[in-house]
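Residue numbers begin at 1 in each chain, while the letters A, B, ... track the order of the sequences.
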Amino acid sequence: MKIASWNVNSLKVRLPQLTQWLADTRPDVVALQETKLEDAKFPVDELAAAGYRAVYSGQKTYNGVAILARDGVHDDFGEVVTDIPGLHDPQRRILAASVGDPASGPRQTLRVVNLYVVNGKAVGDEKYAYKLDWLAKVREFLAHELERHPNLVVLGDFNICPDDRDVYDPVAWGADILCSPPERAALKAITDLGLHDSFRLFQAEPGHYSWWDYRQAAFRRNMGLRIDLILIGDALKSAATAAAIDREPRRWERPSDHTPVTLDLDLRTT
DNA sequence: ATGGTGGTCCTACCA
């Protein structure tokens, strides 16, 4: 099955690009970030016409997350979680749900946790403190999820470059926001739970990015960052067959500043 | 060079 994550930067604006990409790629599960839509305005009918069911947790103007499941992906979404236990946060940044593998039906279930990690603005900003606190509380939640669901996928816009290979100019970027040591330590604390950056199971080279600033022709110059990640638990490591970043939608008209990232899993042998 | 572009909503805020 194919799993994907895409920060669409407004689902209202990007719905044509999303439905085009769904038709081209036919992913089984898609995590969306920055939908920027209240739940009442979520395009349920348009996505149903595209062959997808959805769960979503949105708000007006900012943030907002959703999980899409292709028709044929087994069962409902299980226990849907929209809030981090112990964190009273009006910002809609987390959504957890369960999906069945279309190839093996109810025998193989994936737990999917979709994250839109806080950006943080700048090191030392109050939003930066919020980011580190948010990540620490997410880590506790993920530890709990991993205990209950070994087939865990944690994906989304992490707003952190895991290491210097994920930065177009690591010297110039230095320890600024998205690359600072405390942010990287917070991400490592999450991966140390036993979650693997699936892209790095297949590609060790630098220069592969998932986000390019709208300014300064950054995409044309490949001045990007890899901040959109699909983490998988130990139990899923042997099921991973391919990981990719699909740069194509970034070339389309009126693109998101992020492009989709994907992971292929073969659960039939696990 | 605190610039530049884009989304949301009309004045800044966020990324």
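- One can place OH of A:Tyr62 at 13 Å from C1' of B:dG6, the figure rounded to the nearest angstrom.
- For A:Asn119 and B:dG6, the CG to P distance is 18 Å, given to the nearest whole Å.
- For CZ of A:Arg107, the number of neighbouring non-hydrogen atoms (other residues, nucleotides, ligands) closer than 6.0 Å is 12 at most.
- Annotation: of the two residues near DNA chain B, A:Pro255 and A:Val118, the 5′-most nearest-nucleotide partner is A:Pro255.
- Side-chain contact check for A:Leu229 versus A:Phe199: every heavy-atom pair is 4.5 Å or farther apart.
- A donor atom on one side chain and an acceptor atom on the other are found under 3.5 Å apart for A:His196 and A:Asp234.
- Heavy atoms of A:Lys121 sit nowhere under 4.0 angstrom from any nucleic acid atom.
- No engagement by A:Arg221 is indicated, since no non-hydrogen atom pair under 4.0 Å with the nucleic acid exists.
- Pair check for B:dG3 finds none; no Watson-Crick or G-U wobble contact set falls under 3.5 Å.
- The side chain of A:Arg93 places an N or O atom within less than 4.0 Å of a non-bridging phosphate oxygen (OP1 or OP2) of B:dA15.
- In this structure, A:Lys41 atom NZ and B:dT8 atom C1' are separated by 11 Å, rounded to whole Å.
- B:dA1 sits 26 Å from B:dC14 when the P atoms are compared, rounded to a whole Å.
- Heavy atoms of A:Tyr116 sit under 4.0 angstrom from primed sugar atoms or phosphate atoms, though from no base atom.
- Listed pair A:Arg215 / B:dA15 fails the phosphate criterion, with no side-chain N or O lying under 4.0 Å from OP1 or OP2.
- Sequence order on DNA chain B of the closest nucleotides to A:Lys60 and A:Asp157 puts A:Lys60 first from the 5' end.
- Here the nucleotide nearest the side chain of A:Tyr214, chosen from B:dT8, B:dT5, B:dC14, is B:dT5.
- For A:Lys127, a side-chain nitrogen or oxygen approaches OP1 or OP2 of B:dC14 to under 4.0 Å.
- Rounded to whole angstrom, the span from the CD atom of A:Gln33 across to the P atom of B:dA15 amounts to 14 Å.
- Here the P atom of nucleotide B:dC14 and the CD atom of A:Glu34 are 12 Å apart, to the nearest Å.
- One atom, CG of A:Asn7, and another, P of B:dG6, lie 16 Å apart when rounded to the nearest Å.
- Atom CD in A:Gln17 sits about 13 Å away from atom C1' in B:dG7, given to the nearest Å.
- Counted by atom type alone, A:Trp212 and A:Asp257 present zero donor-acceptor pairs between their side chains at under 3.5 Å.
- Within the cation-pi definition used here (under 6.0 Å to the ring centroid, within 45° of the axis), A:Arg92 does not qualify as a partner of A:Tyr116.
- There is no side-chain donor-acceptor pair under 3.5 Å between A:Ser10 and A:Glu34.
- Between A:Thr61 and the phosphate of B:dG7, there is no side-chain N or O to OP1/OP2 separation shorter than 4.0 Å.
- Atom CG of A:Asp213 is separated from atom C1' of B:dG3 by 12 Å (rounded to the nearest Å).
- Of the candidate nucleotides B:dG4, B:dG7, B:dA15, B:dG7 has the atom lying nearest to any side-chain atom of A:Lys36.
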